[in-house]
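Sequence positions, counted from 1, serve as the residue numbers for this chain.
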Amino acid sequence: MVVSTPVRDRRRWRPALDRPALVALLLGAAGVGYRLVLTLLTLPASNSDEATFGLAAMHIATGHERPVFLYGQRYMGMVESYLAAPLIRLAGPSWPLLRLPLLVLYAIFLWLAHRLTRRLFSPWLAAFVVGLLALGSERVVRDQLTAVGGRPEVKPAVLAMLLIAVALGARRVRHRWLATGVFGLLAGVALWSDWLIVPYLAVAGVVLLWAAPRDLIGWPGLLLVVGFLVGVSPMIKDNLVAPDGQDSLSVFREISTREGVSPSWSDRLHGGLLEGVPLASGVCPSVGCARWQEWFGLLYPLLLVAAAALALVAYRRAADRSARVRAVAVLALVAGAALTLLAYVHSPLAATDPLGNARYLSVLQISLPAVLWPLWLAAAHAVRAGVPVAARAGGAVAGLVLAAFTAAALAATVAFVADAPGLRAQERSARELADAVRRAGLHEVYGDYWTCNRLIFNTGEAVVCGVLDGNLTPGQNRYPAYWKRVGRAARPGYVLAVGSSAERALRRWLGARADAAVVAEVGGYRVYHPESAVRPWR
């Protein structure tokens, strides 16, 4: 009798990914593809804040400047401009090129979020988190894809730091000294880039200190410090030469303590929790949260408490050091979210403009796995055999909450896609305005803040613009060189929104010559070119 045995064909490719990882890969690819299309279409629409980063990238690309902070500020780093500069040098200024490095950062963030969630929790929760992060409302995508400073780069930096700390604690790193150096470098770059990430940097440092205290002695510890100093060196250098009161800490403190009526704590909690958290989590459209959409904000603190309790239980039950390190890392995710939320609620901005300031909570995406962990455990426990009725009912409720969160995020994503034609029309109008100004032969113009830098970037600095407020007096000119150049022009133009207070003031100054000075009208703007220079503030 001949017995045959199967022989594995070694030439046949077999995927190394298990089923949860493969699902995560497909969902992540969908998320990146979705954002690639948005990037190519310049969605969300551009604005002058983003244009300032683009202009800095142009100056870096030509070697004219090496800015440390955003023009007109001394506390937000220019990492995004440096990342875009090589592309702009090769192909010239464009919005997709400015945003392309941020798309890469988003893909890295997805990958690291999957790695960390799988390491700390479970493979299927990791796939679920990637699926949620693949969705994107207007508020979420704007924080991920527009070059407005800080958030796209600091989130993957923190995830990488936590992964390094967990790996060091589990003794799974061969070159431990190199790992600590990278940890310090990431912390320094993140601190230079955006101070909003300080709570997460602090808790990541605590995890490293607890997980690998011996690695902070000797050469590894020295490399940790050196890496941090290298990463934060641009900020240190700039602050050493800054005038009195213009260092980063002084400017940041002044912004945080501006005089005015202090909102009540109820208004702060409402704006921070009930509106800010759902908006930053992507379960509300860009126009704001309806009453029934604020439920996730109410639930968020409870989920943080539940996640902290589960992490403490896991720590007490841990059979080895590796398990204890994972529990500490979960506590760090909870603490980072709690500290960030407390800092935001403490600020008056949470109450005065929750819709516009929800961007400051976008870093809470780092803690999404920990926030969803209690719900995921309850829902998974309910499907097991022999579970009591009460536990099964609780698990069903948890599953419904997860489903509701997913449905809300999907609905907000669909709403953003539905609004895309209108946003594209806005972008086309901005480019048509730039073309009209160039066709009029203008090279120096005055306009409002939200017109100027966007116009300059759209024309590749062929047109420069000085910012005026509604009373035709100097406004927020982030880059003084533009204002000086327009000030030297013998016959500057004006680009003003139709019916705005600035346009009404200009027409009063021009009098009977106002209509004759109009050379173009595009997309709700009028372009004026008076026969002689008009500068009322002088």
Asker: Would you please name every residue forming a salt bridge (charged side-chain N to carboxylate O under 4.0 Å, His left out) with Arg74, sequence neighbours left out?
Answerer: Asp238
Asker: Among Leu162, Leu223, Leu208, find the residue that satisfies the side-chain contact (heavy atoms from CB on, under 4.5 Å) test when tested with Phe183.
Answerer: Leu208
Asker: Go through the steps for Leu331 and Leu312 under the test side chain to side chain contact (heavy atoms under 4.5 Å, CB included), then give the verdict.
Answerer: CA-CA 8 Å; Leu331 285 172; Leu312 289 173; 3.9 Å; yes
Asker: Determine whether a donor-acceptor pair (N or O, by modelled atom type, separation under 3.5 Å) exists between the side chain of Thr413 and the backbone of Gly136.
Answerer: yes
Asker: Among Leu191, Val154, Leu186, exactly one meets side-chain contact (heavy atoms from CB on, under 4.5 Å) together with Leu201. Which residue is that?
Answerer: Leu191
Asker: So, the side chain of Trp95 versus the backbone of Asn458: is there a donor-acceptor pair under 3.5 Å, distance only?
Answerer: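 Checking the backbone N and O of Asn458 against the side chain of Trp95, no donor-acceptor pair under 3.5 Å is found.
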Asker: Any chance you could measure Leu41, atom CG, to Leu36, atom CG, to the nearest 0.5 Å?
Answerer: 9.5 Å
Asker: Distance-only, no hydrogens or angles: does the Ser233 side chain make a donor-acceptor pair with backbone N or O of Val230 under 3.5 Å?
Answerer: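 A pair under 3.5 Å: yes.
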Asker: Testing the basics here: between Arg268 and Pro263, what is the closest heavy-atom pair and its distance to 0.1 Å?
Answerer: NE-O, 3.2 Å
Asker: Crowded around Arg19 CZ? As in, over 12 foreign heavy atoms under 6.0 Å?
Answerer: no
Asker: What distance do Leu159 atom CG and Arg115 atom CZ have between them, rounded to the nearest 0.5 Å?
Answerer: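 Leu159 atom CG to Arg115 atom CZ measures 11.5 Å (nearest 0.5 Å).
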Asker: Is there a side chain to side chain donor-acceptor pair (under 3.5 Å) between Tyr449 and Asp49 once you walk through the steps?
Answerer: CA-CA 9 Å; Tyr449 176 79; Asp49 278 346; 2.3 Å; yes
Asker: Is any side-chain heavy atom of Leu105 closer than 4.5 Å to one of Leu83?
Answerer: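 When only atoms from C-beta onward are counted, Leu105 and Leu83 do touch, with a gap below 4.5 Å.
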Asker: Please determine, by modelled atom types, if Thr146 and Arg151 share a side-chain donor-acceptor pair under 3.5 angstrom.
Answerer: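 Short answer, no.
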Asker: Between Ala311 and Trp373, what is the shortest heavy-atom contact and its length?
Answerer: N-CZ3, 3.8 Å
Asker: Looking only at non-hydrogen atoms, find the nearest pair between Val130 and Gly28 and report the distance.
Answerer: CG1-N, 3.6 Å
Asker: Should the pair Lys155-Asp143 be classified as a salt bridge under the 4.0 Å nitrogen-to-oxygen rule?
Answerer: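 Judged by the 4.0 Å cut-off on N to carboxylate O distance, Lys155 and Asp143 do not form a salt bridge.
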Asker: Would you compute the distance between atom NE2 of His64 and atom CE of Met58 and round it to the nearest 0.5 angstrom?
Answerer: 10.0 Å
Asker: Which pairs with one or both residues in residues 163-191 pass side-chain hydrogen bond (donor to acceptor under 3.5 Å, both in side chains), sequence neighbours excluded?
Answerer: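 The answer is Arg176-Asp215.
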Asker: Kindly say whether Gly150 contributes a backbone atom to a donor-acceptor pair with the side chain of Glu80 at under 3.5 angstrom?
Answerer: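 It does hold such a pair.
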Asker: Just by modelled atom types, is the Tyr71 backbone N or O under 3.5 Å from a matching donor or acceptor in the Arg478 side chain?
Answerer: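 Side chain of Arg478 to backbone of Tyr71: a pair is present.
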Asker: Let me see the working for Trp265 and Val345 under side chain to side chain contact (heavy atoms under 4.5 Å, CB included), right down to the final yes or no.
Answerer: CA-CA 8 Å; Trp265 274 102; Val345 170; 3.5 Å; yes
Asker: Could you tell me if the ring centre of Phe121 sits under 6.0 Å from that of Trp376?
Answerer: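 Between Phe121 and Trp376, the centre distance exceeds or equals 6.0 Å.
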Asker: Would the number of heavy atoms belonging to other residues, nucleotides or ligands and lying under 6.0 Å from CZ of Arg485 be above 12?
Answerer: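 Enclosed: over 12 neighbouring heavy atoms sit under 6.0 Å from CZ of Arg485.
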Asker: Check side-chain hydrogen bond (donor to acceptor under 3.5 Å, both in side chains) between Asp353 and all other residues, then give those that pass, not counting sequence neighbours.
Answerer: none
Asker: Below 4.5 Å, heavy atoms only, C-beta onward: do Leu349 and Thr352 meet side chain to side chain?
Answerer: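 Yes. Closest side-chain heavy atoms under 4.5 Å.
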Asker: State, to 0.1 Å, how close Ala56 and Met78 come at their nearest heavy-atom pair, and which atoms those are.
Answerer: CB-CE, 3.1 Å
Asker: Is the backbone N or O of Val189 less than 3.5 Å from a side-chain atom of Ser193, with the two atoms forming a donor-acceptor pair by type?
Answerer: no
Asker: Does any non-hydrogen side-chain atom of Pro354 lie less than 4.5 Å from one of Leu279?
Answerer: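 SC-SC contact between Leu279 and Pro354 ruled out.
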Asker: Taking the side chain as every heavy atom from C-beta outward, state whether Leu274 and Cys289 have any atom pair closer than 4.5 Å.
Answerer: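 Answer no - side chains too far apart.
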Asker: Parallel, tilted or perpendicular: which fits the ring planes of Tyr106 and Phe109, with parallel below 30° and perpendicular above 60°?
Answerer: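 Rings of Tyr106 and Phe109: tilted, 30 to 60°.
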Asker: Roughly how far apart are Ile60 CD1 and Leu55 CG, rounded to 0.5 Å?
Answerer: 11.0 Å
Asker: Do Pro20 and Arg118 touch side chain to side chain, with heavy atoms closer than 4.5 Å?
Answerer: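 SC-SC contact between Pro20 and Arg118 confirmed.
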Asker: For the CD atom of Gln365 and the CG atom of Leu133, what is their distance to the nearest 0.5 Å?
Answerer: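 Output value for this atom pair is 5.5 Å.
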Asker: Test Ser322 against Arg326 for side chain to side chain donor-acceptor pair (under 3.5 Å), laying out the working first.
Answerer: CA-CA 6 Å; Ser322 180; Arg326 292 196 298 271; 3.1 Å; yes
Asker: Looking at Arg454 and Glu427, is any side-chain nitrogen of the basic one under 4.0 Å from a carboxylate oxygen of the acidic one?
Answerer: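 Arg454 and Glu427: salt-bridged.
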Asker: Does the Glu461 side chain pair with the main chain of Ile456, one donor and one acceptor, at a distance under 3.5 Å?
Answerer: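 It does not hold such a pair.
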Asker: Counting only N and O atoms by type, is there a donor-acceptor contact under 3.5 Å from the side chain of Asp320 to the main-chain atoms of Ala323?
Answerer: yes
Asker: Rounded to the nearest 0.5 Å, how far does OG of Ser367 lie from CG of Leu372?
Answerer: 10.5 Å
Asker: Would Arg142 and Asn47 count as a side chain to side chain contact (heavy atoms under 4.5 Å, CB included) here? Give the steps.
Answerer: CA-CA 11 Å; Arg142 181 172 292 280; Asn47 59 41; 3.7 Å; yes
Asker: Aromatic rings Phe416 and Tyr34: how do their planes relate, parallel, tilted or perpendicular, breaks at 30° and 60°?
Answerer: perpendicular
Asker: Before giving the answer on side chain to side chain contact (heavy atoms under 4.5 Å, CB included), spell out for Arg99 and Ser46 the whole-Å C-alpha distance, their side-chain angles and the decisive distance to 0.1 Å.
Answerer: CA-CA 10 Å; Arg99 295 180 177 184; Ser46 61; 4.2 Å; yes
Asker: Is a donor on one side and an acceptor on the other found under 3.5 Å between the side chain of Asn357 and the backbone of Ala350?
Answerer: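 The answer is no, because no donor-acceptor pair under 3.5 Å joins these two groups.
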Asker: Answer yes or no: is there a side-chain heavy-atom contact under 4.5 Å between Val467 and Trp483?
Answerer: no
Asker: How close do Ala127 and Ala24 get, counting heavy atoms only, and between which atoms?
Answerer: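 Nearest heavy atoms, Ala127 then Ala24: CA-CB, 3.9 Å.
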Asker: With ring pair (Phe, Tyr, Trp, His ring centres under 6.0 Å) as the rule and sequence neighbours excluded, what pairs involving residues 198-240 come up?
Answerer: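 As it turns out, the ring pair (Phe, Tyr, Trp, His ring centres under 6.0 Å) pairs with a partner in residues 198-240, which skip direct neighbours, are Trp210-Tyr315.
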Asker: Does Asp194 have any salt bridge (charged side-chain N to carboxylate O under 4.0 Å, His left out) partners at least two apart in sequence or in another chain, and if so, which?
Answerer: none
Asker: Suppose we screen for side-chain hydrogen bond (donor to acceptor under 3.5 Å, both in side chains). Which residues come up paired with Thr52, at least two apart in sequence or across chains?
Answerer: Asn453
Asker: Hey, are the side chains of Leu375 and Phe405 touching, using non-hydrogen atoms and a 4.5 Å cut-off?
Answerer: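 Heavy-atom side-chain distance check fails, nothing below 4.5 Å.
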Asker: Tell me if a side-chain donor or acceptor on Arg35 pairs with a main-chain N or O of Ala134 at a distance below 3.5 Å.
Answerer: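 Checking the backbone N and O of Ala134 against the side chain of Arg35, a donor-acceptor pair under 3.5 Å is found.
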Asker: Shortest non-hydrogen contact from Leu98 to Ala147?
Answerer: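 Shortest heavy-atom separation between Leu98 and Ala147 comes out as CG-CB, 4.0 Å.
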Asker: Just wondering, do Pro369 and Leu120 contact through their side chains at under 4.5 Å, heavy atoms?
Answerer: no
